[in-house]
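Read through the structure below, which is laid out as structure tokens, and then see the notes.
So that the names make sense, note that chain A is the first sequence line, chain B the second, and so on, each numbered from 1. None of the values given here were measured: they were computed from a predicted structure.
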Number of protein chains: 2
Amino acid sequence: MYFCFMYSFTEENYLKAIYKLQEQSNLAINTNAIASVIQTKAASVTDMVKKLSEKKLLKYEKYKGVELTQLGKKIAIDTVRKHRLWETFLHKKLNFAWDEVHDIAEQLEHIHSHELIDKLDEFLGFPSHDPHGDPIPGRNGVIQQNNFILLSELMIGEAGIISGVVNHSAIFLKHLEKNDLVLGKKLLVQEISAFDQLVKVLIDDKLQQQLSSEVVRNILVKKLTE
Amino acid sequence: MYFCFMYSFTEENYLKAIYKLQEQSNLAINTNAIASVIQTKAASVTDMVKKLSEKKLLKYEKYKGVELTQLGKKIAIDTVRKHRLWETFLHKKLNFAWDEVHDIAEQLEHIHSHELIDKLDEFLGFPSHDPHGDPIPGRNGVIQQNNFILLSELMIGEAGIISGVVNHSAIFLKHLEKNDLVLGKKLLVQEISAFDQLVKVLIDDKLQQQLSSEVVRNILVKKLTE
DNA sequence: ACATATTTTTAGACAAGTCTAAAAATATTT
DNA sequence: AAATATTTTTAGACTTGTCTAAAAATATGT
């Protein structure tokens, strides 16, 4: 069992941001990248990173970038778990739209109580994914990896179930919702225009629709194999 | 509609504390009283009270004490509303015991989202009271006053329904729960010892029990009139 | 390899909120 | 009404987290 200190709102946000960057690529994580995720300045990141390093939450070498320690990663994943469970609560129980849950969950994820989050998990029926299709880490910190692929990777004649999104912005999510492109829908790729790359899909074997390449590059599907 | 600034965690706590003191008595609210509720020092209270005064949340005259403005009172009541709704959620939906909900609700009450709190209210079925029997302010800020009386005020032969508590400490609440003295139970006063003031009550027409004067002075009941 | 551009860090300042210790005001006692 | 006790405020310092502007280090172009 790791020592259960209490980390601040800000510390948790830095750890979450660094974790996110670490998952996204194997490149060294530099100050500017963190600053852009956190919406702050590089100088502030340097200060904070030094403090986190002293607390053994990450390894930091001047001018070389940072890397989370086991402990830092555990806190980050814990915060992601809380975020995604709260998002699920807001969507499933309080009927918030999937584009409205993120900002409120950003606040809720910093409530400190292991018991609370475990009881919330149970109340929600131990959900495996949040409203955007992202996997919810277990209380042991294990994240079940998705094997979703981009809708843009499907060939003509192939089908998939909408299972997640790459772009999480409210404007994109609202756009999908308006076009009936929500989690669980079945999509069959019928045609890809050689001229403008528009993709003609059949939604749930009923409705035909044209999707822009911007859209198909941001939808994740579980490929159906007949 | 009042101007919807964002108040800090700390500001909300000060306003809540002052509101609580204002409800408890009509005496001027002095720095030390606030310090003791907030668990801080009088000097810190002076500093904060000046800032709140500049923000028009309260009226402050040096050495004379403070008084909430309309706006300050509105924020305070709003915070109480959030606190009690979250307590209700934790108890009713997540099955926390009534002595466990306070500390978590102290954190949750500072989440900023009117939409969240209104949807939570709806999800809970617009509850009128929290798990300790305290009334939940409406979204308009109106608090329905209870007409509960102390169990110690009942005469021999009179009966009441347990409807609230005066002492909110976890140790007292745990004690009540262990003795089956929870909200909704019917109590009939059968005997009051002239010697040691122990009160013999009949719980739900079944179980007889002796209650200390410390206990009967901290239970609120709705008097039953036959 | 040298000059230039970019990134990162340092230095010093600021805001919120807290503290201790001392000074000022108020309250109480005689 | 003077002396004492209590309460409240001020002054200056500290912490967390942020910022700007300048300095130092690293990366890039030719």
Pairing residues for Lys16(A) by the side-chain contact (heavy atoms from CB on, under 4.5 Å) criterion, not counting sequence neighbours: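 For Lys16(A), the residues satisfying side-chain contact (heavy atoms from CB on, under 4.5 Å) (neighbours in sequence not counted) are Asn13(A), Thr79(A), Val80(A), His83(A), Glu106(A), Glu109(A).
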*By side-chain contact (heavy atoms from CB on, under 4.5 Å) - contacts of Lys20(B) (at least two apart)*: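 If we apply the side-chain contact (heavy atoms from CB on, under 4.5 Å) test to Lys20(B), skipping adjacent residues, the hits are Gln24(B).
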Next item on the list: Would you classify Tyr60(B) as touching base, sugar-phosphate or nothing, given that sugar-phosphate means primed atoms plus P, OP1 and OP2, and contacts are heavy atoms under 4.0 Å?
Entry: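 The answer is sugar-phosphate, as Tyr60(B) gets under 4.0 Å only of primed atoms, P, OP1 or OP2.
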Note to self: Here's a test of your reading of the structure: between Phe9(A) and Lys64(B), which maps to the more 5' nucleotide of DNA chain D?
What the structure shows: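 Here Lys64(B) is the residue nearer the 5' end.
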Below 3.5 Å, can you tabulate the donor-acceptor pairs from side chains in residues 92-99 of chain A to any protein atom, sequence neighbours excluded?
| from | atom 1 | to | atom 2 | distance (Å) |
| --- | --- | --- | --- | --- |
| Trp98(A) | NE1 | Leu173(A) | O | 3.1 |
| Asp99(A) | OD2 | Lys174(A) | NZ | 3.4 |

| request: Taking only heavy atoms on the protein side, list every residue of residues 27-55 of chain B lying under 4.0 Å from any atom of DNA chain D, sorted numerically. | output: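 Heavy-atom cutoff 4.0 Å gives Asn30(B), Thr31(B), Asn32(B), Ala42(B), Ala43(B), Thr46(B), Lys50(B).
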Item checked: Proximity to DNA chain D (any heavy atom under 4.0 Å), residues of residues 12-20 of chain B only ->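 Heavy-atom cutoff 4.0 Å gives no residues at all.
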Exercise. Could you tell me how the ring of Phe123(A) sits relative to the ring of Phe89(B): parallel (under 30°), tilted (30 to 60°) or perpendicular (over 60°)?
Key: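 Taking Phe89(B) first and then Phe123(A), their aromatic rings stand perpendicular (interplane angle over 60°).
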Which class fits the ring pair His129(A) and Phe148(A): parallel under 30°, tilted 30 to 60°, perpendicular over 60°?
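The rings of His129(A) and Phe148(A) sit tilted, inter-plane angle from 30° to 60°.
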Salt bridge present between Asp47(B) and Lys41(B) (N-O < 4.0 angstrom):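 No.
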Just one of Arg84(B), Arg139(B), Arg81(B) clears the salt bridge (charged side-chain N to carboxylate O under 4.0 Å, His left out) bar with Asp121(B), so which one?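 Exactly one pass, corresponding to Arg81(B).
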### Message
Does any part of the side chain of Lys82(B), heavy atoms only, come nearer than 4.5 Å to the side chain of Glu12(B), both counted from C-beta?
### Response
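Sidechains of Lys82(B) and Glu12(B): in contact.
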Do any side-chain nitrogens or oxygens of Ser8(A) fall under 4.0 Å of OP1 or OP2 in dG17(D)?
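It does, given that an N or O in the side chain of Ser8(A) lies less than 4.0 Å from OP1 or OP2 of dG17(D).
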Worksheet entry | Opening and closing nucleotides of DNA chain C in contact with chain A, under 4.0 Å to non-hydrogen atoms |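 Endpoints of the contacted stretch of DNA chain C: dT7(C) to dT10(C).
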**Report entry** Value rounded to 0.5 Å, distance of CZ in Phe9(A) from CZ in Phe9(B)
**Finding:**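 Answer for the CZ-CZ pair, Phe9(A) versus Phe9(B), is 10.0 Å.
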Practice task
Report the distance from atom CD1 of Ile75(A) to atom CD1 of Ile18(A), rounding to the nearest 0.5 Å.
Solution key: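 If we round to the nearest 0.5 Å, Ile75(A):CD1 and Ile18(A):CD1 are 12.5 Å apart.
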